[in-house]
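We name chains A, B, ... by the order of the sequence lines, and we start the count at 1 in each one.
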Amino acid sequence: MNNQPSSNTEAEELYRLYAGKELSPVEKMKIPAQEMPNQDPKVRSRNMKEVALGYTKEQAVVEATRCLQCKNPPCISDCPVHINIPAFLAETAKENFDEALKVIRRDSLLPAMCGRVCPQESQCQKNCTMGKALKSIDKAVSIGRVERFLADNVDPEPVQIAAETGKKVLIVGSGPAGITCAADCRKAGHRVVICEAFNKPGGVTVYGIPEFRLPKTIVDKEIKNLQAMGVEIRPNFLVGKTQKLKDLMEKEHFDAAFIAVGAGLPVFTGVEGENLIGVFAANEYLTRSNLMKAYDKEHALTPMFTSRRVAVLGGGNVAMDAARTAVRMGAEKVAVIYRRTEAEMPARKEEVHHAKEEGIVFYMLKNIRRIIGDENGRVRQIETVSFELGEPDASGRRSPVEIPGSEELMDFDTVIIAIGSRSNPLIQQTTAEIEFNPKGNIIVSSEMESSWKNVFAGGDIVSGAATVISAMGQGREAAKAINKRLSEKMFSHTFSVRLSELDINGKIQPYHIVSYFQDTASMYLRQIGMSGFDLAESNRGWVVNAMTVLFEAPLPQWNETVEMTTWALNRTGVRLFRDFTAKDGKGTILAKGTSSWVVIDESTRQPVPQEVFGDKELITGDPILPGIRPGRFSPIPEENRLGQSSYFWNPRTSEQDLNRHINNINYLISCIESIPENFRAEKTLKRFDIVFKAEIYAHQQIEIRTILGETEAVHTLIRTSDGKEVCTAKTEWENCH
Amino acid sequence: MYQILKKTQLSDTVFDFTVRAPLIARERKAGQFVIVQADNEFAERIPLTIADADDEAGTIRLIFAAIGASTRALSGMNEGDTIANILGPLGKPTHIENFGHAVCVGGGIGVAPLYPIVKALKAAGNRVTVIIGARTADLIILEPEMRAAADEVLIVTDDGSKGGKGVVTGPLKRLCESDTEKPDFVVTIGPAVMMKFCALTTKPFGVPTVASLNTIMIDGTGMCGGCRVSVGGKTRFVCVDGPEFDAHQVDFDNMLLRLNSFKKEEEHKCRIGISHE
Ligand SMILES: Cc1cc2nc3c(=O)[nH]c(=O)nc-3n(C[C@H](O)[C@H](O)[C@H](O)COP(=O)(O)OP(=O)(O)OC[C@H]3O[C@@H](n4cnc5c(N)ncnc54)[C@H](O)[C@@H]3O)c2cc1C
Ligand code: SF4
Ligand code: FES
């Protein structure tokens with residue numbers, strides 16, 4: 001860091017006294033909390049350079065020495081990603097800086113950023129025992145500052161990247177969530193591509209948070225690291241517009257995706273005069289300055305509005321950043337207008353403090369009523385109204401109540417609105433597969449997976465406008481789930497069978513083609529036993545199939561192309577599900593269904609009892625469709641039309657049905673072994689060759705494409721979502737009379 | 001990335017670039033635009049409508065007038081040079097259907113974004129009349145292309161140097177008043193003042209009219225709110241909700257004001273621009 005202080009005599013003295021010594025808690029409490037050296041307010045309000053200069057080595061060691069090494073450290077549980085704070089402070093106190101950074105990096109990928117922008121006073125430092133003991137949150141151990149010291153001064157260990165897996169992960173958005181998920185997925189050996197709408201990656205950390213608080217070199221360093229790891233970044237790529245998410249995933253065969261598009265939609269107040277000249281959303285004001293460097297009036301082509309008197313609405317970090325940027329752009333007066341009191345302001349305490357030092361005025365318990373323009377449509381004044389704190393409500397919070405008649409006019413020529421942001425609706429509008437809540441945030445599972453399988457999401461698009469650290473944490477969680485998903489091998493085997501096909505009447509029906517896939521899959525599973533499942537080790541069961549097909553349209557005719565899309569096995573407890581959709585050549589959906597497998601104990605011929613699987617749930621009872629009829633090969637109503645069918649077995653079936661099912665399985669096996677010779681059919685099936693050479697993973701989508709030829713053959717092709725053909729089958733028949 | 005393959009000068013200030021951008025060429029539809037940024041550090045982000053695209057060649061065509069510092073910098077680039085950033089296609093495509101008689105009114109550089117719309121309307125089966133307005137004959141662009149694409153092209157110039165003397169609202173009004181040629185649909189692209197008066201012209205006749213707005217933009221993705229306009233009393237973002245809106249609902253006066261937000265600052269920039277030339 002170029003403008004870091006080189007010495008601090010007081011800290012050097014303390015360092016000589018305490019460093020490396022065993023100290024009692026009482027002695028530790030006597031060590032003064034280390035102040036952050038800052039640029040002088042008068043100087044810094046005329047430059048864009050970073051305000052906080054960072055601890056010297058001595059300060060970092062002295063501050064770390066203050067940590068009491070609590071038995072039950074509140075700091076760890078208050079940290080959104082649960083960094084082992086006392087451990088890294090202890091290593092810092094011992095001057096094992098490399099080790100200290102390693103401890104942090106186990107849980108946080110972006111310590112240089114988080115050390116600077118985390119709201120420590122409401123997270124790790126909030127309940128710090130030292131602060132409590134000294135009865136002042138300002139005297140808590142400055143965890144964030146020590147973190148920043150380490151991140152700035154220690155080179156992280158080179159990252160180890162696992163062997164290439166050949167899998168591909170798409171990341172949408174390059175903010176803290178996207179960066180983190182990208183790094184973690186890349187480390188697992190997957191190919192990672194980030195698509196970013198802006199020309200520069202980094203998200204809010206480049207376009208929103210100003211240079212004076214988070215130097216862009218720090219973000220650049222993280223981006224360069226990513227690129228050095230082999231992550232591909234595609235700037236100017238607005239997913240949904242440049243290409244739709246689905247097209248992108250299909251065309252380039254991505255195995256998983258992570259959506260981290262942030263919460264970039266500015267909220268306006270709706271008051272009169274909001275479209276006057278001189279009214280800006282903070283996003284616009286900050287983006288001009290940060291991304292397009294408009295503050296550099298000599299070089300930048302993007303103009304920055306020239307203001308004398310600036311009113312900023314809001315009390316968060318965004319408001320502070322906008323107000324402090326306005327100061328640096330030369331405004332004579334900058335005021336922050338906030339509806340509640342300073343205690344409720346969500347901004348980092350340090351930023352509020354810095355803003356005040358820089359001469360920014362705070363009008364608390366005030367809100368804007370309207371904006372008044374001059375004859376040229378430029379902002380001239382604003383009308384505000386004042387509030388007072390009302391009686392505490394049930395939660396004990398005193399909410400602001402408007403004071404009647406408190407309207408007042410103030411002179412301003414610029415109004416910057418920083419009252420919050422929502423999520424950009426673009427992905428929602430262009431991606432029907434993903435479910436959003438009414439606020440426009442993506443709904444995710446505890447593993448950060450959206451309603452679209454293998455598509456995960458995290459950061460502000462999930463939580464609403466939040467913090468860098470929580471975005472980073474969610475990126476990590478998602479990466480963990482993605483890496484797990486991409487390594488779950490469901491089955492891996494090579495075999496080939498010859499199978500003859502006929503139905504009860506000895507006729508071949510087009511819908512048998514659909515059946516083939518199911519049969520094939522179940523036989524296939526039978527062939528390979530349990531391999532790939534947890535059950536493999538128990539080695540005491542087999543998998544049987546209960547399939548439900550809901551036909552929604554007339555069945556395919558000869559000469560039509562049927563396309564089946566199905567997920568590889570998806571395991572819930574001991575049940576395995578496979579959803580599938582069959583479409584004809586025109587894309588009309590012919591059938592949709594779920595097939596499920598249940599594990600049967602070979603000796604008892606009963607579903608394997610729950611105990612075998614520990615806490616994994618054994619679902620008995622079919623959640624898919626009630627009233628499933630067990631049957632043999634002709635489950636589909638004669639009409640070849642809307643109807644419902646199932647065959648084989650489901651967990652609610654009686655013992656008799658179970659036996660019938662087992663017979664079916666045996667029948668299938670016998671089909672493999674011999675081709676019955678004596679069936680009457682309009683068309684005679686000559687043979688059905690199927691070759692499986694499969695490595696199918698839980699994350700993969702399997703596409704089954706069948707072409708029904710008039711005379712010669714049925715071709716079946718099974719392809720996984722990474723484009724590999726895992727099965728080819730050809731069925732031949734001839735006319736016979 | 002985005003290489004300039006062909007550069008033609010259409011008039012004193014108007015340039016026509018063919019640029020490599022295969023993804024955009026594939027996805028774009030009539031009425032959509034891109035954000036162009038000539039270099040990665042200090043350039044401004046400027047919205048330009050996609051005048052044409054060739055999916056097979058993977059190219060898009062951008063036609064712009066070099067009037068501000070940024071467009072002038074762009075016009076100084078040459079074939080073989082690379083534009084640092086192009087983001088798109090942005091905005092909603094024009095709603096195209098067979099309206100019957102569609103009248104497309106373009107003023108100045110607005111004729112460029114009008115061109116793909118004319119083609120699309122024609123392809124959808126409309127009878128298409130194009131009205132082109134310009135200050136003077138030299139500033140008329142894309143006339144041959146328009147003649148090839150539309151059923152009829154009417155030209156007016158302020159100084160009468162080509163076509164009728166006057167402004168586009170003249171022929172537009174005559175069409176509206178005609179029994180046989182009354183438009184079923186009007187789309188207008190050009191200077192805000194022109195669009196405002198087109199809207200005022202068609203309103204009494206109840207002719208559905210759409211204007212394609214070209215406001216100040218930053219990101220083009222709905223993130224900054226800089227492009228906001230008031231439409232039917234509601235604040236809308238041109239980059240994501242537009243660029244086309246019901247012209248009878250647009251508050252053009254406010255839009256005109258907002259377009260001048262940075263006039264003071266731009267003048268300063270322009271001077272810098274000139275001294276560099
Ligand atoms: C001015 C400001 C100051 C802040 N200060 C602090 C602070 O001090 N401390 C703190 O902890 N937090 C702060 N925050 C909040 C913090 O920055 C965010 O919570 C965090 O950046 C969210 O990370 P993210 O990865 O979810 O999204 P973002 O950082 O928002 O990144 C999303 C990225 O996705 C891109 N994108 C969006 N849509 C698409 C698409 N369709 N296709 C491709 N790319 C797309 C965007 O361009 C953007 O780059 C601040 C926010 C702002 C705006
Ligand atoms: S709470 Fe404070 S004193 Fe206790 S371990 Fe954490 S940092 Fe150290
Ligand atoms: S250009 Fe930023 S919201 Fe439209």
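Distance check, rounded to the nearest 0.5 Å: CD1 of B:I218 to OH of A:Y207 gives 13.0 Å. To the nearest 0.5 angstrom, A:M292 atom CE is 6.0 Å from B:R45 atom CZ. Rounded to the nearest 0.5 Å, atoms CD (B:Q37) and CG (A:L291) are 6.5 Å apart. In this structure, CG on A:L301 lies 10.0 Å from OG1 on B:T71, to the nearest 0.5 angstrom.
A:N275 and B:R258 are not linked by any side-chain donor-acceptor pair at a separation below 3.5 angstrom, with hydrogens and angles left out of the test.
A:N283 contributes a side-chain N or O that, together with a main-chain N or O of B:M223, makes up a donor-acceptor pair within less than 3.5 Å.
For the pair B:F237/A:P266, a side-chain contact is recorded, criterion being any heavy-atom separation below 4.5 Å from C-beta on. With contacts defined as side-chain heavy-atom distances shorter than 4.5 Å, the pair A:L426/B:T221 does not qualify. At least one side-chain heavy atom of B:L23 sits less than 4.5 Å from a side-chain heavy atom of A:F237.
Looking at A:K251, the atoms closer than 4.5 Å to chain B (heavy atoms on both sides) all sit in the side chain, from C-beta outward. Proximity to chain A is absent for every atom of B:L256, based on heavy atoms less than 4.5 angstrom apart. Contacts of A:I417 with chain B are absent, with no heavy-atom separation under 4.5 Å from either backbone or side chain. Only the side chain of A:T287 comes within contact range of chain B, with heavy atoms under 4.5 Å apart. The contact between B:Q32 and chain A is made entirely by side chain atoms (from C-beta outward), counting heavy-atom distances below 4.5 Å.
Ranked by heavy-atom pairs under 4.5 Å with chain A, the list B:G220, B:C224, B:G91 is led by B:C224. In terms of non-hydrogen atom pairs under 4.5 Å with chain A, the most contact-rich of B:A38, B:P89, B:S70, B:A21 is B:P89. Contact tally against chain B (heavy-atom pairs below 4.5 Å) for A:Q243, A:R288, A:K244: the top residue is A:R288. Of the listed residues (B:L90, B:D219, B:T235, B:I86), the greatest number of heavy-atom pairs within a distance under 4.5 Å of chain A belongs to B:I86. Most heavy-atom pairs under 4.5 Å with chain A, from the set B:N40, B:I35, B:N260, B:I24: that is B:N40.
Within residues 195-203 of chain A, the residues that have a heavy atom under 4.5 Å from a heavy atom of chain B are A:A197, A:F198, A:N199, A:K200, listed by number.
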| message | If you apply the rule side chain to side chain contact (heavy atoms under 4.5 Å, CB included), what do you find for B:L87 with A:K241, and how did you get there? | response | CA-CA 9 Å; B:L87 172 69; A:K241 283 286 180 188; over 6 Å; no
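Nearest heavy-atom pair, B:F262 versus A:M304, reported as atom, atom and distance to 0.1 Å: CE2-C, 4.0 Å.
Annotation: B:R26, atom CZ; neighbour count of heavy atoms from other residues, nucleotides and ligands within 6.0 Å is above 12.
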